Amino acid sequence: MEMITLALAKGRTADDSIKLLEKAGVYFDDLSHKSRKLVFYDNTHQVKLIFVKAVDVPTYVENGAADIGIAGKDNIMEAQADIYEILDLKLGQCKFAVAGFSHEQQTNGNVLTVASKYPVVAKTHFRKKNIPVETIKLNGSVELAPIIGLADVIVDIVETGNTIKENGLTILEELDSVSTRLIVNKASFTTKSESVHAFINTLQTGLE
Ligand code: PRP
Ligand code: MG
């Protein structure tokens, strides 16, 4: 079988993804926490693992740089990548929310400003509600934006709700649920059909 390339997000969900792979019988021998290496091979040399930034996983898969990816639904939605979403791996479960001060959305006639790491998701949400918004793209610490006066509200993912709470914000609206998904490059799905399907089946058994 042909070797497949698997793109995995560095960071929060990496450990759980690796655990899931191991449960399914896919082992990466030289993988260690201390290592700064970004490429690994499983011990049967059927899977080449590459570690990329979480937001970039859909890009690698869409462009075929990786055949398969394990990506958060948040990043998949934001990237609007043309890929197949195959399995819900149920890791990193959280949800999108609009948050701000409870008395917000009085913008004194001005357009509502929304700060987010997910401007596409934010725009799509408010467009559906026919609310005109201006989005401000941030790369982190989004909860600061309403506090500092950079934006009226934020669209972000909420897991425990602690970040929202500790910064004196309130969830104003709950949006889509988010979890980790297995995504596949459309061409690889056909051209590497055997390897790709074998991998999907393996992972599915790990999920059971
Ligand atoms: C994420 C997210 C929220 C927080 C949600 O931020 O953007 O801020 O976690 O988790 P909670 O509901 O359990 O508090 P992250 O820690 O990844 O940092 P960043 O936003 O600065 O990138
Ligand atoms: Mg955050």
Side-chain angles (χ1 to χ4, degrees), residues 6-21 31 33-36 38 49-62 66 69-81 83 85 88-105 112-129 131 133-183:
L6 167 67
L8 204 66
K10 290 191 285 191
R12 294 192 170 216
T13 56
D15 285 354
D16 286 339
S17 302
I18 296 291
K19 265 185 223 147
L20 178 65
L21 288 164
L31 197 61
H33 278 286
K34 276 173 262 151
S35 176
R36 298 289 297 160
L38 300 171
L49 173 67
I50 58 171
F51 278 111
V52 307
K53 280 280 254 195
V55 299
D56 293 334
V57 175
T59 308
Y60 277 82
V61 174
E62 181 175 32
I70 293 182
K73 182 69 180 175
D74 54 338
N75 293 320
I76 296 170
M77 285 173 71
E78 183 64 20
Q80 297 182 298
I83 43 91
E85 191 183 310
D88 184 350
L89 304 178
K90 307 237 164 84
L91 306 170
Q93 297 194 353
C94 53
K95 60 186 178 254
F96 274 119
V98 180
F101 295 113
S102 36
H103 55 83
E104 65 63 66
Q105 290 194 345
L112 187 76
T113 53
V114 186
S116 187
K117 293 192 273 191
Y118 309 95
V120 170
V121 172
K123 271 192 201 114
T124 307
H125 168 69
F126 285 104
R127 193 181 302 126
K128 273 193 217 144
K129 299 186 62 173
I131 298 175
V133 294
E134 232 162 65
T135 52
I136 298 172
K137 163 84 199 232
L138 292 177
N139 295 297
S141 300
V142 183
E143 291 83 359
L144 262 180
I147 300 170
I148 296 294
L150 178 64
D152 299 312
V153 295
I154 61 168
V155 167
D156 200 9
I157 46 171
V158 178
E159 191 182 359
T160 61
N162 288 342
T163 315
I164 292 282
K165 206 174 354 157
E166 289 186 27
N167 290 290
L169 303 178
T170 314
I171 293 178
L172 302 169
E173 231 182 319
E174 290 188 0
L175 315 180
D176 302 84
S177 294
V178 170
S179 60
T180 303
R181 309 291 159 94
L182 184 77
I183 58 174

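Residues take their numbers from the sequence shown, with the count starting at 1. When a ligand or atom number is given, it counts from 1 through the structure's own listing order. Only this structure's heavy atoms are used, side chains among them; waters, hydrogens and symmetry mates stay out. Everything numeric here is computed off the predicted structure, so don't read it as measured data.
- Heavy-atom proximity to Gly161, at under 4.0 Å, picks out these atoms of ligand 1: 11 (P), 12 (O), 13 (O).
- Heavy-atom proximity to Asp156, at under 4.0 Å, picks out these atoms of ligand 1: 2 (C), 3 (C), 7 (O), 8 (O).
- When the side-chain hydrogen bond (donor to acceptor under 3.5 Å, both in side chains) test is applied to Asn139, no partner is found at least two apart in sequence or on another chain.
- Per-residue contacts place Glu143 under 4.0 angstrom from the following atoms of ligand 1 (heavy atoms of the residue considered): 3 (C), 8 (O).
- Applying the ring-ring contact (aromatic ring centres under 6.0 Å, His included) test to Tyr60 and every residue at least two apart in sequence or in another chain returns nothing.
- Close approach to Thr160 involves these atoms of ligand 1, each under 4.0 Å from a residue heavy atom: 11 (P), 12 (O), 13 (O), 14 (O).
- In this structure, the side chain of Glu62 does not engage the main chain of Thr59 through any donor-acceptor pair within 3.5 Å.
- Looking at Val158, Thr160, Ile157 one by one, the single match for side-chain contact (heavy atoms from CB on, under 4.5 Å) with Cys94 turns out to be Ile157.
- By the criterion of a heavy-atom distance under 4.0 Å, both the backbone and the side chain of Thr163 are placed next to ligand 1.
- In this structure the side chain of Tyr118 reaches within 4.5 angstrom of the side chain of Asn75, judged on heavy atoms.
- Here's the thing with Val142: none of its N/O atoms is less than 3.5 angstrom from an N/O atom of ligand 1.
- The residues Glu85 and Lys73 are annotated as salt-bridged, a charged nitrogen and a carboxylate oxygen being separated by less than 4.0 angstrom.
- Ligand-side atoms of ligand 1 in range of Val158: 12 (O), range being under 4.0 angstrom from any heavy atom.
- At least one heavy atom of Arg12 sits closer than 4.0 Å to an atom of ligand 1.
- Remark: among candidates Glu159, Lys95, Lys117, the nearest residue to atom 22 (O) of ligand 1 is Lys117, based on non-hydrogen atoms.
- Heavy atoms from other residues, nucleotides or ligands lying under 6.0 Å from NZ of Lys165 number 12 at most.
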